[in-house]
Amino acid sequence: MISILRKGFLLLIAVLVLALLGALIFGGDALFGHALRKYGPVAFHQPVAFESAELSVLGGSAGVTEFKVGTAEYPVLDIGKAEVNISTMAIMDGRVVIENAELTGAMLHLIVRPDGTLAFDQGPPPQDVIDAEGPVEQ
């Protein structure tokens, strides 16, 4: 009786692992895109938009096309295409080794502060802020 339960438990674990692996392989693009839409605005404190997102768990690659941070009229970060390839074998050892990273058509809007440091140029404030607080000095 106990050996039947043990075999059933091992079979259940194997099915769950295969289901998780299948979800990552076949639904990786959708999961990656959903994560970018959900956590991108939180990370950048700006709206995030992109055309497509690709994730290959077995190949160790991720990419995004037409990635924009900020408003459509005045993006803080505008990337035509971004791809990164990592070594899947190094992850098994607990390390992350980036084999290749590529940015195509990247533009970053920065300003130089009076003290010489750099900051993101987030563009003009929204109209409701201008109405409430008056014009902002450049």
Side-chain angles (χ1 to χ4, degrees):
M1 176 74 175
I2 296 210
S3 69
I4 292 173
L5 289 175
R6 186 178 305 151
K7 288 179 184 176
F9 180 72
L10 291 175
L11 181 62
L12 178 66
I13 295 296
V15 167
L16 288 175
V17 167
L18 288 175
L20 179 64
L21 187 61
L24 286 174
I25 291 172
F26 296 112
D29 295 346
L31 290 172
F32 183 51
H34 176 72
L36 279 176
R37 282 186 187 91
K38 184 173 183 179
Y39 299 112
V42 174
F44 290 108
H45 302 290
Q46 293 281 327
V48 172
F50 57 92
E51 186 176 298
S52 66
E54 300 172 358
L55 175 70
S56 173
V57 176
L58 297 178
S61 65
V64 65
T65 56
E66 298 303 323
F67 184 74
K68 293 180 181 11
V69 176
T71 62
E73 302 83 30
Y74 200 82
V76 174
L77 177 64
D78 187 358
I79 299 174
K81 187 174 184 180
E83 290 184 23
V84 65
N85 295 319
I86 61 172
S87 171
T88 54
M89 297 307 289
I91 290 178
M92 301 289 187
D93 295 335
R95 299 177 296 131
V96 176
V97 176
I98 298 174
E99 293 177 342
N100 185 28
E102 182 178 341
L103 289 175
T104 305
M107 290 181 53
L108 180 63
H109 297 271
L110 293 174
I111 58 171
V112 180
R113 294 182 180 145
D115 62 356
T117 59
L118 297 175
F120 290 106
D121 183 5
Q122 298 179 4
Q127 189 61 41
D128 57 344
V129 173
I130 294 173
D131 295 339
E133 298 180 11
V136 179
E137 286 187 35
Q138 293 292 335

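Here salt bridge (charged side-chain N to carboxylate O under 4.0 Å, His left out) pairs that include residues 56-66, with residues two or more places apart or in two chains, are Glu66-Lys68. Applying the salt bridge (charged side-chain N to carboxylate O under 4.0 Å, His left out) test to residues at least two apart or on different chains, none of the pairs has a partner in residues 105-114.
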Compile the donor-acceptor pairs under 3.5 Å between side chains in residues 51-63 and protein atoms, sequence neighbours left out, one pair per line.
| unit_1 | atom_1 | unit_2 | atom_2 | d |
| --- | --- | --- | --- | --- |
| Ser52 | OG | Thr65 | OG1 | 2.7 |
| Ser56 | OG | Gly59 | N | 3.1 |

Can I get a per-line list of side-chain donor-acceptor pairs under 3.5 Å for residues 31-43, giving both atom names and the distance, sequence neighbours left out?
none

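Taking CG of Leu77 as the start and CE of Met107 as the end, the distance is 10.0 Å to the nearest 0.5 Å. Note: Asp78 CG to His109 NE2 = 6.5 Å, rounded to the nearest 0.5 Å.
Among residues two or more places apart in sequence or in another chain, the salt bridge (Lys or Arg N to Asp or Glu O under 4.0 Å) test is passed with Arg95 by Asp93. Under the side-chain hydrogen bond (donor to acceptor under 3.5 Å, both in side chains) criterion, Asp115 pairs with Thr117, not counting sequence neighbours.
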Practice task
Go through the steps for Val84 and Ile98 under the test side chain to side chain contact (heavy atoms under 4.5 Å, CB included), then give the verdict.
Solution key: CA-CA 7 Å; Val84 65; Ile98 298 174; 3.9 Å; yes
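Remark: Leu108 CG is packed, more than 12 non-hydrogen atoms of other residues, nucleotides or ligands lying under 6.0 Å away.
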